[in-house]
A.B. asks: 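There's a structure below that I have some questions on.
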Amino acid sequence: MYRHLEHRLAQRITEFLSRRYPGASLPGVVIEPPPKVELGEFAIPVFPFAKPLRTAPLRIAETIRAEIGAIEGIAEMQVAPPGYLNVKVDRAWLAGGLAADQKPAADIPAGKILVEHTSINPNKAAHIGHLRNAILGDTFVRLLRYAGREVDIQNYIDNTGVQVADVVVGFTQIEKKSRAEIEALTRQPRFDYYCWDLYARVSQWYAQDKQNLQVRAQTLHGIEDAASETAAIAELISTAVLRRHLETMDRLDIEYDFLPRESEILQLHFWEAAFVKLKEASVLTYETEGKNKGCWVMRRAGTASNPEAIGSAEEASDISEEDQKVIVRSNGTVGYVGKDIAYHMWKFGLLGRDFGYRKFYRYPNRHECWISATEGEKDHPHFGDVAEIYNVIDARQSEAQNTVIQALRGLGHQEAADHYAHFSYEMVALTPRCAAELGYTLSEEDKTRSYIEVSGRKGFGVKADDLLDQLIASARNEVDSRHPQLAEEERAAIATQIAVGALRYFMLKFTKQSVIAFDFKEALSFEGETGPYAQYAVVRATSIFKKAALDPDTFSREVAGNLSTADFAQYLAAESANEIWELWLASAKTSYIVDQCIATTEPAYLAKHAFQLAQLFNTFYHRYPILSETDEKRKKFLLATVAIVRRELIRTLAVMGITVPPVM
RNA sequence: GGGCGCGUAGCUCAAAUGGAUAGAGCACCGGAUUUCUAAUCCGGUGGUUGCAGGUUCGAUUCCUGCCGCGCCUACCA
């Protein structure tokens, strides 16, 4: 509702200005919320029009106010010095629409979207950094779906890289385990934890003797030969760890549709197909001398003086060594950026090849997750060939991502490149205090840092399942003391919901570009700006209806039928109603916020919205007795207020992947 | 050296395309009518937005230069 009204207002003002001041070239209309609700719901700064119109801001504002005419949903406009046009909406009109849950049609762009997230190397347990990735990605998917878009969720699996090779080395060389022994281990619970420790030991083993690195190279080579024993062991390990990752993420209600693996990208010769096209388009050039002699190289992203010229012969022939990115090594093998280019051509349907597909994992809710295969099942969903992609990958890989985009441009796929979004976010690190708690010895330098990077190689970090277990245990303590009468199973379920709410909210409250310095104290907090705070607001709202012997969902659906526009006007129009009006106004903004989140690829705004709704509700809850209200009509209105805020808060939390327990 | 990003209250973070008095949470201090109410609410303390210039009617936001910090910059992935 709010979003729709804002669009209409912007449109009408733009139209009016071009009609009233023909010929003038004016900047776009900016609409923002005024600092206080007393001033209205929308504010338009008119300063930008003053100079081109050679007219004082206040006069322009007054002209718009006096001459624009009636706009549906807008009650009045006021001119405010030094140059704002403040707009007040028709509160009863907006409240009526909100109560009826009207959703004005929005323009939904056509075309499927592919969101790739999680993409953990399948060689060890997931840690908190991976959680941030998966939660951001999953929330973004929910945002897109809320906005009516069709989305496929992919989780890319690098099952043939050095990280998997290292764990293979650990099992075969350090532990001297046979394939059968390894297979038995994969069936043990939390096999990924075993690998976590082993991976750290392998890193130490390499450090002990540089000779050991040769074993890694051999193993890596062996994995690429799909028929080898090494490849079979790697497949065994990576598949088992992958299953564990899916289980871990499922604890947070995070699911995937398709798992493309690097092994199939290799075996189905995606690269060879891309290589031909890249050479034809002169995106790659062959170096005949210097440091990169014998390699096929590409210009590193961000180093071109004239990005438009990429792919042209004169540009390609002259890349300084420093600006070269090796795509194909002199021994003929291709690096990961090359594979990534081929893979992304596939995503946009530009490669002319496809994966085979087979079923891999069935979620408890019966949703099927598919995996790539050299020879797949006959019937399968159609993946790839999408209109837009979002890659949730941390900021450290932005240069590599940009290189892939540049390759697409060089191939002439401008539209694909324009719809390739690197959803970049910063890492999760640990506070020095947290690192110390984990038993990590800090150097003097480390102690002064605000955060310390986690390291899978060192086995230094907080594992996802451990954190979740701790959160559940902590929530369970609270639930047990508050609701000892509830059945064991019920308390467990509530504690889990609270833990997931706390974790997901925690990962979403920070903006993407902020490094999260992880700290148990903060992450385990259930008070203040947290998920449980928002969940609790909903529980409170629900409890009002319970006491009143009403079903909140039924009530909220029937609000519009029970309260007329005149009723809303009676209770919302007055200045004294501002406090309650703020709840209605904030509730009306959900779709608007969702749009903002998508446009800026920033889910943190959604967390802010949830917090704001919860905060407004808690204040209202404290200040306005509802069930004891003697005026029946007013009581109904107050209940409607509760019902609408509750509805929007539940929706907002659902988009964040957070559910609400029945009691807390 | 080059590229990207960051620097805001004691701590952790907000502040959409530049807008009205820079906001939250935590911590600390002081309070909350036997109610639908404490995983909550109200009040208080706390700021030269790293520094210096510039653009603008207006700068936390844009530009330039410094200072400090992080990440990337492999024929690793």
Side-chain angles (χ1 to χ4, degrees), chain A residues 27-28 30 32-36 39 43 45 47-48 50-51 57 80-84 86 121 158 160-165 216 220 262 291-297 300-303 322-323 325-331 333 335-337 339-340 394-400 402 424 426-427 429 431 449-451 453 475 478-479 482 498 502 509-511 513-517 519 521-522 525-530 532-533 535-537 539-548 596 599-600 602 604-605 608 611-612 614-615 618-619 621-629 638-639 642 664:
Chain A
V30 170
E32 57 194 27
K36 284 182 174 179
L39 297 172
F47 309 102
K51 198 171 258 181
Y84 294 94
N86 288 331
N121 273 303
D158 179 8
T160 59
V162 277
Q163 293 213 23
V164 169
R216 171 199 263 178
L220 199 49
E262 188 168 81
K291 173 168 83 106
N292 296 327
K293 183 176 177 183
C295 299
W296 287 88
V297 305
R300 195 184 293 289
T303 61
E322 214 179 39
D323 295 343
K325 175 73 196 167
V326 171
I327 303 298
V328 181
R329 303 177 191 110
S330 56
N331 67 3
T333 57
Y336 87 108
V337 175
K339 286 177 248 181
D340 227 21
D394 78 68
R396 287 174 287 201
Q397 294 204 46
S398 65
E399 190 181 290
N402 287 333
S424 168
E426 273 294 349
M427 62 185 167
T431 59
R449 293 177 195 272
S450 55
Y451 57 82
E453 199 171 345
E478 296 290 331
V479 175
R482 285 159 209 254
I498 292 170
K509 71 193 266 194
F510 302 94
T511 53
Q513 74 277 9
S514 162
V515 175
I516 297 180
D519 188 76
K521 188 166 160 281
E522 249 191 279
S525 167
F526 297 153
E527 290 167 17
E529 197 183 340
T530 66
Y533 175 91
Q535 289 171 316
Y536 187 61
V539 168
R540 286 178 132 181
T542 306
S543 79
I544 294 174
F545 286 97
K546 263 189 208 155
K547 285 264 160 63
Q596 295 282 337
T600 56
E602 182 50 272
Y605 298 133
K608 272 277 175 297
F611 180 62
Q612 207 204 347
Q615 208 174 30
N618 275 328
T619 305
Y621 183 77
H622 182 257
R623 203 164 302 178
Y624 294 86
I626 294 162
L627 297 180
S628 59
E629 174 60 53
L638 292 175
L639 279 168
V642 176
M664 278 177 78

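The chains referred to below are lettered A, B, ... by the order of the sequence lines, with proteins before strands, and numbering in each begins at 1.
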A.B. asks: Checking all strands, does A/Arg482 fall into the base, sugar-phosphate, or nothing category for heavy-atom contacts under 4.0 angstrom?
C.D. replies: base
A.B. asks: Between B/G18 atom P and A/Phe47 atom CZ, what is the distance in whole Å?
C.D. replies: 14 Å
A.B. asks: Have a look at A/Lys36 and say if it touches a base, only the backbone sugar-phosphate, or nothing, with a 4.0 Å heavy-atom cut-off.
C.D. replies: base
A.B. asks: Given the P atoms of B/G58 and B/U21, what is the spacing between them in whole Å?
C.D. replies: 14 Å
A.B. asks: Have a look at A/Phe545 and say if it touches a base, only the backbone sugar-phosphate, or nothing, with a 4.0 Å heavy-atom cut-off.
C.D. replies: nothing
A.B. asks: Can a donor-acceptor pair be found, under 3.5 Å and without considering hydrogens, that links the side chain of A/Thr619 to the backbone of A/Gln615?
C.D. replies: yes
A.B. asks: Tell me the closest heavy-atom pair linking A/Tyr84 and A/Pro81, and the distance in Å.
C.D. replies: CD1-O, 4.3 Å
A.B. asks: Output the rounded distance in Å from NZ (A/Lys509) to C1' (B/A15).
C.D. replies: 16 Å
A.B. asks: Counting any heavy atom closer than 4.0 Å, what does A/Thr619 reach on the DNA or RNA strands: base, sugar-phosphate only, or nothing?
C.D. replies: sugar-phosphate
A.B. asks: Atom CZ of A/Arg396 and atom C1' of B/C76: how far apart are they, to the nearest Å?
C.D. replies: 14 Å
A.B. asks: How close or far is atom P of B/U12 from atom CD1 of A/Ile516, stated in whole angstroms?
C.D. replies: 14 Å
A.B. asks: Taking only side-chain nitrogens and oxygens of A/Arg449, does any of them come within less than 4.0 Å of OP1 or OP2 of B/G70?
C.D. replies: yes
A.B. asks: Rounded at 0.5 Å granularity, tell me how far CG in A/Leu638 sits from CD1 in A/Ile626.
C.D. replies: 5.5 Å
A.B. asks: Could you give the distance from CG (A/Asn618) to CZ (A/Arg623), rounded to the nearest 0.5 Å?
C.D. replies: 12.0 Å
A.B. asks: Considering only side-chain heavy atoms of A/His622, which listed nucleotide, B/A15, B/U37, B/A39, is closest?
C.D. replies: B/U37
A.B. asks: For B/G25 versus B/C41, give the span between their P atoms, rounded off to a whole number of Å.
C.D. replies: 8 Å
A.B. asks: How long is the span from the CZ atom in A/Phe545 to the CG atom in A/Leu627, to the nearest 0.5 Å?
C.D. replies: 9.0 Å
A.B. asks: Categorize A/Val515 for me: base, sugar-phosphate, or nothing, with a 4.0 angstrom heavy-atom threshold over every strand shown.
C.D. replies: sugar-phosphate
A.B. asks: Specify whether A/Tyr533 and A/Phe611 have parallel, tilted or perpendicular ring planes, treating 30° as the upper limit for parallel and 60° as the lower limit for perpendicular.
C.D. replies: tilted
A.B. asks: Need one value for A/Ser543: base, sugar-phosphate or nothing, where a base atom within 4.0 Å counts as base even if backbone is also close, heavy atoms only.
C.D. replies: sugar-phosphate
A.B. asks: Does A/Tyr621 place a side-chain N or O at less than 4.0 Å from the phosphate oxygens OP1/OP2 of B/C42?
C.D. replies: no
A.B. asks: Roughly how far apart are A/Asp340 CG and A/Glu262 CD, rounded to 0.5 Å?
C.D. replies: 9.0 Å
A.B. asks: Roughly how many Å apart are B/G65 and B/C26, using the C1' atom of each and rounding to a whole number?
C.D. replies: 37 Å
A.B. asks: Please state whether the base of B/A38 and the side chain of A/Asn618 form at least one donor-acceptor pair under 3.5 Å?
C.D. replies: no
A.B. asks: Between B/C29 and B/U33, how far apart are the C1' atoms? Round to whole Å, please.
C.D. replies: 23 Å
A.B. asks: Indicate, with a heavy-atom threshold strictly under 4.0 Å, whether A/Ile498 touches base, sugar-phosphate, or nothing.
C.D. replies: base
A.B. asks: How many whole angstroms separate atom CG of A/Leu627 from atom P of B/U37?
C.D. replies: 9 Å
A.B. asks: Pick base, sugar-phosphate or nothing for A/Val479, based on heavy-atom distances below 4.0 Å to the nucleic acid.
C.D. replies: base
A.B. asks: Taking only the side-chain heavy atoms of A/Pro45 (C-beta and beyond), determine which of B/C42, B/G19, B/U40 contains the nearest atom.
C.D. replies: B/G19
A.B. asks: Identify, between A/Gln615 and A/Val30, the residue whose nearest nucleotide on RNA chain B lies closer to the 5' end.
C.D. replies: A/Val30
A.B. asks: Taking only side-chain N and O atoms of A/Arg300, does any of them lie within less than 4.0 angstrom of OP1 or OP2 on B/C4?
C.D. replies: no
A.B. asks: Among B/C71, B/A16, B/U37, which is the nearest nucleotide to the side chain of A/Met427?
C.D. replies: B/C71
A.B. asks: For a quick check of understanding: with a heavy-atom distance under 4.0 Å over all strands, which category does A/Val326 fall into, base, sugar-phosphate or nothing?
C.D. replies: sugar-phosphate
A.B. asks: Using a 4.0 Å heavy-atom cut-off across all strands, classify A/Asp340 as base, sugar-phosphate, or nothing.
C.D. replies: nothing
A.B. asks: Can you tell which of B/U40, B/A16, B/C75 lies closest to the side chain of A/Arg329?
C.D. replies: B/C75
A.B. asks: Across the strands shown, which category fits A/Ser514 at heavy-atom distances under 4.0 angstrom: base, sugar-phosphate, nothing?
C.D. replies: sugar-phosphate
A.B. asks: Could you measure between the two C1' atoms, the one in B/G7 and the one in B/U49, and give it in whole Å?
C.D. replies: 9 Å
A.B. asks: Would you mind classifying the nucleic acid contact of A/Pro27 as base, sugar-phosphate or nothing, using non-hydrogen atoms under 4.0 angstrom?
C.D. replies: nothing
A.B. asks: Counting heavy atoms from C-beta on, name the nucleotide in B/C75, B/C42, B/A39 closest to the side chain of A/Lys291.
C.D. replies: B/C75
A.B. asks: Assess whether one donor atom and one acceptor atom, taken from the side chain of A/Tyr536 and the base of B/A39, lie less than 3.5 Å apart.
C.D. replies: no
A.B. asks: Between B/A9 and B/G50, how far is it from one P atom to the other, in whole Å?
C.D. replies: 8 Å
A.B. asks: With heavy atoms under 4.0 Å as the rule, sort A/Glu527 into base, sugar-phosphate or nothing.
C.D. replies: sugar-phosphate
A.B. asks: By nearest atom, which of the nucleotides B/C57, B/A39, B/U37 is closest to the A/Lys51 side chain?
C.D. replies: B/C57
A.B. asks: Which whole-number value in Å describes the distance from A/Lys325 NZ to B/G3 C1'?
C.D. replies: 14 Å
A.B. asks: What's the gap between B/C71 and B/C13 when it is taken at their P atoms, as a whole Å value?
C.D. replies: 16 Å
A.B. asks: Quantified in whole Å, what is the P atom distance between nucleotide B/U17 and nucleotide B/A74?
C.D. replies: 35 Å
A.B. asks: Report the distance from atom CD of A/Glu453 to atom C1' of B/C71, rounded to the nearest whole Å.
C.D. replies: 8 Å
A.B. asks: Among the candidates B/U40, B/C41, B/U12, find the nucleotide nearest to the side-chain atoms of A/Phe510.
C.D. replies: B/U12
A.B. asks: Could you say whether A/Pro48 or A/Ser628 is positioned toward the 5' end of RNA chain B, judged by the nucleotide with the nearest heavy atom to each?
C.D. replies: A/Pro48
A.B. asks: What nucleic acid atoms does A/Gly28 come within less than 4.0 Å of, heavy atoms only: base, sugar-phosphate, or nothing?
C.D. replies: nothing
A.B. asks: Rounded off to whole Å, could you give me the CG-to-C1' distance for the A/Asn331 and B/A74 pair?
C.D. replies: 14 Å
A.B. asks: What's the spacing between A/Ile498 CD1 and A/Gln535 CD if we round to 0.5 Å?
C.D. replies: 6.0 Å
A.B. asks: Taking Watson-Crick and G-U wobble pairs with both distances under 3.5 Å, convert RNA chain B into its dot-bracket string, 5' to 3', dots for unpaired and | for cross-strand pairs.
C.D. replies: (((((((..((((.....[...)))).(((((.......))))).....(((((..]....))))))))))))....
